[in-house]
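Sequential numbering from 1 along the given sequence is applied to the chain's residues. Just so it is clear, the values below take in all heavy atoms, side chains as well, and ignore hydrogens, waters and symmetry mates.
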Amino acid sequence: MSRRVVVIGRVPDADRLRTSFPELRTESLALALREAGHSVRVIGLVPPAEARSRRGPKAWEGEARVGEEAPGWLERVAELAAEAELLVSAGPHNGGRVACLVAKERPVWADLPGDPFAEVQAVSLATGLPLPDRQAGALAAALPLLCRADGIGVVSERQRLLLLGQLGLLGRLADPAALPVIGVTPVAWHFDGSPAPPRPRAAGQPLRVALIGGANAWLDVQAMIEGLEQAMHAQPGIEVLVGEGDLPGHYRAGWELLRSWAQDRPGVRLLPRLAPAALSEALAAAHLGLLVDREGIEPETGSRTRVLFLLHQGLEVLSTTRTELCAGLAARGLIHALPDGRPESIHRALLDRLASRSGPQAEEAAARLAVELRPEAAAAALLDFAAQPRRSAPGQPLGFELAQDNARLRDALAAVHQSPTWRLSSRLRRLRAR
């Protein structure tokens with residue numbers, strides 16, 4: 001049965017320079033729902049400067065852009081979703097919060113691709129600092145979803161077990177009527193362009209290693225640099241491509257370290273932020289993608305979009321296997337496994353890859369994953385829910401009411417900060433400070 005479905009999530013900018021996991025997740029879930037015959041409207045959460053006029057799409061199956069956290073944005077999402085029979089969020093984590101806050105009595109499938117509390121832990125471990133403000137932010141994002149969602153999508157079986165514990169704390173395990181549908185919805189094989197063919201490395205050609213994707217808090221940048229330095233010192237036939245990995249608002253120390261190293265190191269090429277076609281062209285010179293995770297709950301329960309992207313680009317991949325995805329790919333011989341994340345292990349593995357000729361790894365991975373992780377297959381649990389959506393009893397009504405009050409207060413505060421009076425007084429305070 002075809003339904004009117006709203007998908008709420010982040011969307012790319014006009015030039016597609018912003019096409020990381022949140023944007024790809026929105027596109028893949030919307031595509032899967034359309035392929036299943038549903039009528040889909042995308043509500044794209046974007047920086048306020050990118051928001052379009054308040055006029056909605058002329059047809060239901062269109063896209064509307066809403067300035068995330070701008071004054072009145074919750075009401076705007078509610079207006080655009082007013083005729084939806086099912087609300088679906090995509091990506092972390094605001095979309096799920098918003099869907100639950102505006103749904104009223106309609107069913108909600110909330111995407112939770114990675115645990116927000118595990119991500120806060122990762123930043124805390126990387127910085128060595130307690131982060132009470134971030135912990136409070138994670139709770140504000142997760143509480144509406146955990147209390148209200150009728151279906152929840154996670155990216156791994158391990159995360160499913162973590163989620164069950166969180167739902168138990170909210171009283172949603174003891175009552176079968178309150179337990180939401182939980183489905184593992186892995187990262188889809190969904191990227192711009194067609195998969196690139198593998199590029200065998202000719203005899204005597206340097207091994208070019210690609211470091212691509214955001215330098216987030218669970219990426220062990222220091223270990224990668226030290227391992228690469230050891231390998232490049234031992235064997236000059238290794239070169240490195242470093243893609244733009246800045247993540248403002250999340251964690252910047254990793255990118256600053258990586259950029260500083262790349263700018264000063266001969267044999268390392270630093271790429272600017274590129275649109276997908278230009279990035280694919282730059283990666284055509286590379287042979288191997290490298291990924292090293294820190295220890296922590298995020299790698300244990302999350303996934304790795306960049307590994308799938310590197311395989312999609314025709315590269316072999318050398319990675320730690322702390323995530324469920326990478327452990328499974330390594331067990332099938334589709335990526336090369338690092339035994340651990342120590343620089344010495346990275347060094348030895350890189351020299352092994354330099355001494356070896358490229359195999360059919362990426363080609364075999366593309367053939368398998370294009371089927372196994374196509375958007376409709378990856379979103380199978382969501383599609384089952386969309387075929388027969390149901391409401392579940394909420395957990396901890398007081399917690400959901402507090403989340404609603406928090407959202408209203410944040411919206412009111414955003415309106416105050418955007419008012420002419422506030423902006424004028426802020427300008428005067430800055431002038432006096434000078």
Side-chain angles (χ1 to χ4, degrees), residues 5-10 21-22 25-26 29 43 45 66 68-69 73-74 77-78 81 84 86-121 134-156 158-173 175 177-185 297-298 301-303 379 381-382 385-386 389-411:
V5 181
V6 150
V7 175
I8 305 170
R10 294 193 174 99
F21 172 72
R25 186 72 163 182
T26 302
L29 293 188
I43 299 178
L45 305 181
V66 176
E68 191 171 14
E69 300 291 350
W73 75 298
L74 294 176
V77 171
L86 169 65
L87 281 73
V88 173
S89 75
H93 294 288
N94 228 1
R97 178 176 77 93
V98 173
C100 290
L101 289 172
V102 306
K104 297 184 178 178
E105 295 306 314
R106 292 168 294 177
V108 174
W109 175 278
D111 197 28
L112 192 65
D115 184 78
F117 306 107
E119 294 180 10
V120 172
Q121 186 211 33
R134 291 205 182 204
Q135 181 69 13
L139 184 61
L143 191 60
L145 188 159
L146 296 173
C147 288
R148 166 64 178 82
D150 307 296
I152 302 177
V154 295
V155 291
S156 70
R158 298 172 189 171
Q159 193 198 349
R160 186 186 74 85
L161 297 175
L162 185 63
L163 175 64
L164 286 171
Q166 295 164 347
L167 294 172
L169 287 173
L170 295 170
R172 299 191 75 178
L173 293 186
D175 181 1
L179 183 63
V181 174
I182 302 173
V184 177
T185 50
I297 302 300
E298 197 290 329
T301 58
S303 190
L382 165 60
F385 183 84
R390 65 165 179 84
R391 286 297 320 277
S392 57
Q396 295 287 346
L398 179 60
F400 187 60
E401 290 169 10
L402 289 172
Q404 289 177 309
D405 289 342
N406 177 270
R408 283 192 289 267
L409 289 171
R410 288 174 61 174
D411 202 32

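The distance from atom CD of E105 to atom CZ of R391, rounded to the nearest 0.5 Å, is 5.0 Å. The structure places CD1 of I182 at 9.0 Å from CG of L161, a figure rounded to the nearest 0.5 Å.
In summary, E69 and R97 engage in a salt bridge, as defined by a charged side-chain N under 4.0 Å from a carboxylate O.
Taking the salt bridge (Lys or Arg N to Asp or Glu O under 4.0 Å) definition, one finds that D115 meets it with nothing, sequence neighbours left out. The side-chain hydrogen bond (donor to acceptor under 3.5 Å, both in side chains) search around R10 returns E68, not counting sequence neighbours. In this structure E119 satisfies the salt bridge (Lys or Arg N to Asp or Glu O under 4.0 Å) test with no other residue, sequence neighbours excluded. Partners of S303 under the side-chain hydrogen bond (donor to acceptor under 3.5 Å, both in side chains) rule, at least two apart in sequence or in another chain, do not exist in this structure. In this structure P116 satisfies the side-chain contact (heavy atoms from CB on, under 4.5 Å) test together with H93, L112, A138, A142, sequence neighbours excluded. With sequence neighbours left out, R160 forms a salt bridge (Lys or Arg N to Asp or Glu O under 4.0 Å) with E157. In this structure, R106 has no salt bridge (Lys or Arg N to Asp or Glu O under 4.0 Å) partners at least two apart in sequence or on a different chain. For the side-chain contact (heavy atoms from CB on, under 4.5 Å) test, residues two or more places apart in sequence or in another chain that qualify with T185 are R25, W109, D111, A381.
The heavy-atom pair separating L146 from Q166 by the smallest distance is CD2-OE1, 4.0 Å.
No side-chain heavy atom of I43 sits under 4.5 Å from any side-chain heavy atom of V7. No side-chain heavy atom of V108 sits less than 4.5 Å from a side-chain heavy atom of L145. Residues V66 and I8 fail the side-chain proximity criterion, which asks for heavy atoms closer than 4.5 Å.
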